[in-house]
Structure formats: C-alpha cells, structure tokens
Amino acid sequence: MKKFFKYVAFGFLAFLIYFGITTYPKLDLISGFSAKSMASGHFLDNRSTEMIQQGDNDIPLVRLAKLGYDDIGKYATASVYGLKKRKAIYREGLGATLINDDFDATKPYEVPKRTKLNNHLPFPYGNVEPKDTIFSNIDYKKLQAAVDNAFDEKGQKNKRTRSVLVIYKDKIIAEKYADGFNKNSRILGWSMTKSITGTLFGILQKQGKMNIMKPAPIAEWKNDKRAKITLNDLLHMNSGLEWEEQYDKICDATKMLFQAEDMSRSQLEKPSAFEPNTHWNYSSGTTNLLSGILRKQFKTHQEYLDFWYSSLLDKISMNSAIVETDMAGNFVGSSYGWATTRDWVKFGLLYLHKGNWNGEQLFDESWAKYVATPTNTSNGNYGAQFWLNAGGKFPDVPKDMYYASGFQGQMVAIFPSNDLVIVRMGLSEEFDFNGLLHGVVSSITAKSTK
C-alpha cells in the first residue's frame with residue numbers, strides 16, 4: 001500500500017513538473033484570450049457564456065479557462081484553475097480592451113464620432129432591405145448546394161461555418177447563417193482587420209497626405225539600418241524585421257495581443273534580420289505598427305479615432321463595424337475588427353469597384369491593383385495587407401481572386417473578373433475554401449441578364 005501511494009505521489013509530482021514547464025507559462029495568455037473573447041462576444045454581440053465557451057473559446061488549452069462577466073460593470077474575467085486571472089473591460093465606441101492591473105478604468109476616454117448613412121437606398125449602398133434579383137446566367141440549385149455544403153449538418157462540428165454571403169453585380173444571390181447567427185450578428189474578422197488598416201494608407205495617399213514609397217516615419221530607426229524600411233515594405237510584410245507569429249505557443253504575436261499595453265511598439269522595437277524587400281514574413285506586429293504610424297499623422301487622438309470611420313467604415317455604411325483599441329488608445333489594426341457579414345461584404349465591394357463607392361472615389365483605382373500585386377518572396381500568396389490566389393493556393397479558383405483573411409477561416413474574397421464577392425465567417429482553419437469558392441464561381445456562367 002505504501003508503494004502504491006509512493007507511485008501516486010511520484011505521478012502527481014511528475015504531472016506538476018510537466019504542467020509547470022509546458023502549460024503554466026501560457027496561463028496568462030490563455031486567461032487573456034478568454035477574458036477578451038468573453039467581453040467582446042458578450043458586449044458587442046450579446047453572446048452568452050455558453051455560446052462563447054462552445055464557439056469562440058473552443059480551442060485547445062483555451063477551453064481550460066473559467067469565464068465570468070458583469071453587465072453593470074461592463075467587464076469580463078477569466079482564469080485557469082483560479083490562476084492568472086485577467087480582466088477585459090468594455091467601453092461603448094471602443095469595444096473590449098484587455099487590461100493589466102495598473103490600468104485606470106475610471107479615466108475618461110475619447111470615442112470615435114460616428115455617422116450613420118440614411119439615404120433610403122437598398123443594400124449595399126444604403127440600409128434598405130434589398131429586393132430579390134434573379135439572374136438568368138446563374139444555376140441557383142448549384143449555387144445553393146455550394147453554400148449549403150459549407151455548413152455542418154445537425155450534430156456535426158467540423159466545418160463550423162457561421163455565415164456565407166455571396167454578392168454578384170451588387171446583388172445578394174445567396175445568404176445563409178448557422179443557428180444563433182443572423183444578418184445583424186457582429187462577427188470578429190481577426191486578421192481581415194489588416195486589410196482595413198492597409199486601406200487607410202491608400203485613402204491618405206489619394207488625399208496627397210502620404211507617400212508610401214518614403215521611409216517609415218519612425219524616429220527610433222533613423223540612426224540604424226532600419227532607416228531604409230519604407231511604408232511600402234511594411235504594407236507588404238517585407239520589412240526584414242524580426243518577428244515570430246505562431247499562435248499555438250508563446251511568441252511575439254501572442255505576447256503583443258494579450259500582454260502589451262501599447263501594441264504599436266511591439267514590432268517597432270524589433271531589430272532587422274534581413275534587408276528590406278528580401279524576406280517576406282507575416283507579422284501582426286507590423287500592422288499594429290502601421291496603426292501607430294497612422295495615429296501620428298493627426299494632431300489629436302480624436303482625429304485619429306474619427307478617421308477610421310469617417311474616411312472608410314461609415315463612408316461605405318459599415319455602421320455595425322468597430323475596431324477595438326489597446327490600453328494606449330491605438331486601434332488594434334491587426335486583429336480586432338468586428339462587423340456583420342453584410343458589412344464585411346461591403347468592404348469587399350469597395351475593392352471590387354476599385355475604390356469607388358456609389359460614385360465617390362475613396363482611393364485611386366491603382367491602389368486596388370497595388371494591394372493585389374504579389375510582393376517579392378511571397379510566392380504569389382501576398383500583396384499589401386491582402387492575401388492573393390496568384391500563386392494558385394486555391395487551384396480551382398480564378399488566379400485574380402484576392403482576399404482579406406482572418407484566424408479560424410474568416411474570408412472576404414474579391415473576384416475582379418467575375419463581378420463577385422464571397423464572405424465566409426466561421427471557426428475552422430481546415431475549412432474547404434477551394435470547394436466553396438469554386439462551387440459558387442462555377443454556378444455563374446459568362447453572360448448575365450436580370
């Protein structure tokens with residue numbers, strides 16, 4: 001019997017050592033992810049704790065976190081086995097922010113000034129419910145089968161699609177939502193937010209306020225080899241700066257998103273590893289650095305906050321959209337953009353129409369070509385804050401398709417030669433995008449009449 005207890009004690013000690021080495025260092029990140037996810041999902045989209053646990057937080061290790069929220073105090077908390085408790089606060093207009101123990105949540109804060117378009121036009125150029133439009137060149141049975149196939153059947157949980165929306169010639173031709181979601185549900189785009197951030201540089205360039213070919217305006221780089229890095233290099237993820245982005249471990253990206261107070265500095269402080277434009281390396285830190293650069297283009301923080309909405313999001317009536325901020329007041333341009341599926345598709349339509357929104361040119365037509373042109377060393381897979389199919393990642397999809405992409409399979413896919421935009425929101429990285437996109441495109445023949 002003594003030997004038995006000895007083995008049990010030894011096994012328990014071995015478990016504690018293994019847990020301490022492999023998992024304990026991650027608890028702060030796990031709790032941080034969970035608290036932030038709870039606050040955003042609950043306060044931005046009215047999701048229950050159960051829905052968030054079974055959906056947004058249904059990720060290995062993240063499942064360990066225990067969640068809680070306070071509707072009166074507008075905050076959410078999370079911890080793992082009572083350890084490493086983290087807190088995220090919700091502020092109207094700014095969304096949810098993961099905070100540290102030193103953050104003063106009672107301090108007054110500025111919020112973006114929003115303008116809701118009310119022109120009585122039908123979707124997408126207004127908010128009037130669109131009428132059904134029938135195109136003679138669409139095989140609607142084939143189209144619906146492709147969309148239906150993107151969703152799990154009852155009892156399944158592998159495709160995990162939340163919504164699919166298809167726009168052809170500015171008209172909705174297919175739209176479907178999973179249980180618990182609808183056209184008014186705000187859904188996190190994750191890294192699709194990068195494409196929004198990049199677009200703001202195109203808008204400023206059209207306004208004559210920025211030249212992306214010039215060196216990045218960063219004082220800390222002026223006296224070392226980083227001085228050669230241009231805004232163009234940053235937009236292309238081709239700066240040569242050190243960065244590690246791997247979400248199943250503690251890395252630069254996870255430390256930035258779940259520990260940093262000022263996310264705009266996480267990439268700024270990294271040294272060069274390569275010459276600019278010689279080594280493509282995907283980096284959320286780079287996009288948050290770009291957000292910080294944008295902030296410095298304005299005299300006041302209020303102007304910076306307003307610009308994202310007045311020049312882009314509210315301009316194209318993405319009125320549900322919100323980009324959340326970090327503790328320092330920077331928009332987390334890499335990852336924290338929320339919008340309804342219908343509003344995400346408007347962003348794709350803006351690019352389909354090369355920056356023209358209902359007669360107003362928000363960025364030059366050349367900008368759409370710029371973001372969709374492969375950057376050096378990306379093997380045709382990346383442009384400027386957009387992903388590309390030029391390298392044939394999706395073999396049965398037109399190569400001129402380019403797309404905003406986010407963690408867990410968020411996508412706004414733009415098809416210039418097909419007059420088509422497809423949005424898919426969900427929770428699975430393994431989703432068959434090639435099948436969905438090909439199924440939709442192949443349901444539409446060349447000629448079209450209404």
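Only this structure's heavy atoms are used, side chains among them; waters, hydrogens and symmetry mates stay out. If you're wondering where the values come from, they're calculated on a predicted model, not measured in any experiment.
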Looking only at atom types and distance, does a side-chain atom of [X] sit under 3.5 Å from a main-chain N or O of [Y], one as donor and one as acceptor?
{"X": "Q385", "Y": "L235", "value": "yes"}
{"X": "N288", "Y": "M263", "value": "no"}
{"X": "H236", "Y": "N232", "value": "yes"}
{"X": "K157", "Y": "D152", "value": "no"}
{"X": "S264", "Y": "G292", "value": "no"}
{"X": "N182", "Y": "Y177", "value": "no"}
{"X": "Q408", "Y": "E429", "value": "no"}
{"X": "S266", "Y": "G285", "value": "no"}
{"X": "R226", "Y": "L268", "value": "yes"}
{"X": "R424", "Y": "G409", "value": "yes"}

Is it the case that more than 12 heavy atoms not belonging to [X] sit under 6.0 Å from its [atom1] atom?
{"X": "K299", "atom1": "NZ", "answer": "no"}
{"X": "K206", "atom1": "NZ", "answer": "yes"}
{"X": "D224", "atom1": "CG", "answer": "yes"}
{"X": "E430", "atom1": "CD", "answer": "no"}
{"X": "E153", "atom1": "CD", "answer": "no"}

Centroid separation under 6.0 Å, is that true for the rings of [Y] and [X]?
{"X": "H301", "Y": "Y109", "value": "no"}
{"X": "W190", "Y": "W344", "value": "no"}
{"X": "F433", "Y": "Y403", "value": "no"}

Taking the side chain as C-beta and beyond, is there a heavy-atom pair between [X] and [Y] under 4.5 Å?
{"X": "W367", "Y": "I212", "answer": "yes"}
{"X": "F331", "Y": "L305", "answer": "yes"}
{"X": "L188", "Y": "F407", "answer": "no"}
{"X": "L313", "Y": "I196", "answer": "yes"}
{"X": "M401", "Y": "V441", "answer": "no"}

Output the distance between atom [atom1] ([X]) and atom [atom2] ([Y]), rounded to the nearest 0.5 Å.
{"X": "Q205", "Y": "M210", "atom1": "CD", "atom2": "CE", "value": "8.5 Å"}
{"X": "S378", "Y": "N281", "atom1": "OG", "atom2": "CG", "value": "12.0 Å"}
{"X": "I250", "Y": "L29", "atom1": "CD1", "atom2": "CG", "value": "5.0 Å"}
{"X": "E303", "Y": "Q297", "atom1": "CD", "atom2": "CD", "value": "11.5 Å"}
{"X": "S48", "Y": "Q54", "atom1": "OG", "atom2": "CD", "value": "8.0 Å"}

Would you name the heavy atoms of [X] and [Y] that are closest together and state the gap between them?
{"X": "S334", "Y": "S284", "value": "CB-O, 3.4 Å"}
{"X": "V62", "Y": "N57", "value": "CG1-O, 3.6 Å"}
{"X": "A65", "Y": "S34", "value": "CB-OG, 3.2 Å"}
{"X": "L61", "Y": "I30", "value": "O-CG2, 3.5 Å"}
{"X": "L231", "Y": "P217", "value": "CD2-CD, 4.0 Å"}
{"X": "N376", "Y": "W280", "value": "O-CB, 4.0 Å"}

Indicate whether any N or O donor in one side chain lies under 3.5 Å from an N or O acceptor in the other, for [X] and [Y].
{"X": "D364", "Y": "Y370", "answer": "no"}
{"X": "S442", "Y": "K142", "answer": "yes"}
{"X": "D233", "Y": "T230", "answer": "yes"}
{"X": "T199", "Y": "Y351", "answer": "yes"}
{"X": "S291", "Y": "N330", "answer": "no"}
{"X": "D343", "Y": "N319", "answer": "no"}
{"X": "D28", "Y": "Q259", "answer": "yes"}
{"X": "W357", "Y": "Y125", "answer": "no"}
{"X": "E245", "Y": "S283", "answer": "no"}
{"X": "Y402", "Y": "T373", "answer": "no"}
{"X": "Y282", "Y": "S191", "answer": "yes"}
{"X": "D170", "Y": "H353", "answer": "yes"}

Is it true that K116 and D314 have a side-chain N and a carboxylate O under 4.0 angstrom from each other? no
May I ask you to decide whether D419 forms a salt bridge with K169, counting only side-chain N to carboxylate O separations under 4.0 Å? yes
Residues in side-chain contact (heavy atoms from CB on, under 4.5 Å) with [X], at least two apart?
{"X": "A96", "result": "K36, A39, S40, E324"}
{"X": "K315", "result": "E360, L362"}
{"X": "A178", "result": "F151"}
{"X": "D56", "result": "S37, R47, I52, R162"}

Verify side chain to side chain contact (heavy atoms under 4.5 Å, CB included) between R63 and D58, making sure each step is shown before the conclusion. CA-CA 6 Å; R63 300 187 190 108; D58 185 19; 2.6 Å; yes
For a ring-ring contact (aromatic ring centres under 6.0 Å, His included) check, start with the C-alpha distance between F394 and W387, then their side-chain angles and the critical distance, and finish with the verdict. CA-CA 12 Å; F394 305 113; W387 291 88; 10.0 Å; no
Passes side chain to side chain contact (heavy atoms under 4.5 Å, CB included), L234 versus Q267? Steps please. CA-CA 10 Å; L234 294 172; Q267 181 75 89; 5.7 Å; no
Face-on cation placement of R86 at F258 ring, 6.0 Å and 45° thresholds: no
Residue pairs fulfilling salt bridge (Lys or Arg N to Asp or Glu O under 4.0 Å) with at least one residue in residues 177-200, sequence neighbours excluded: E129-K183
Could you give me the CA-CA distance, side-chain angles and deciding distance for V440 and L143, then say whether side chain to side chain contact (heavy atoms under 4.5 Å, CB included) is met? CA-CA 5 Å; V440 172; L143 171 64; 3.9 Å; yes
What residue pairs, at least two apart or across chains, pass side-chain hydrogen bond (donor to acceptor under 3.5 Å, both in side chains) with a residue in residues 211-223? E220-R265
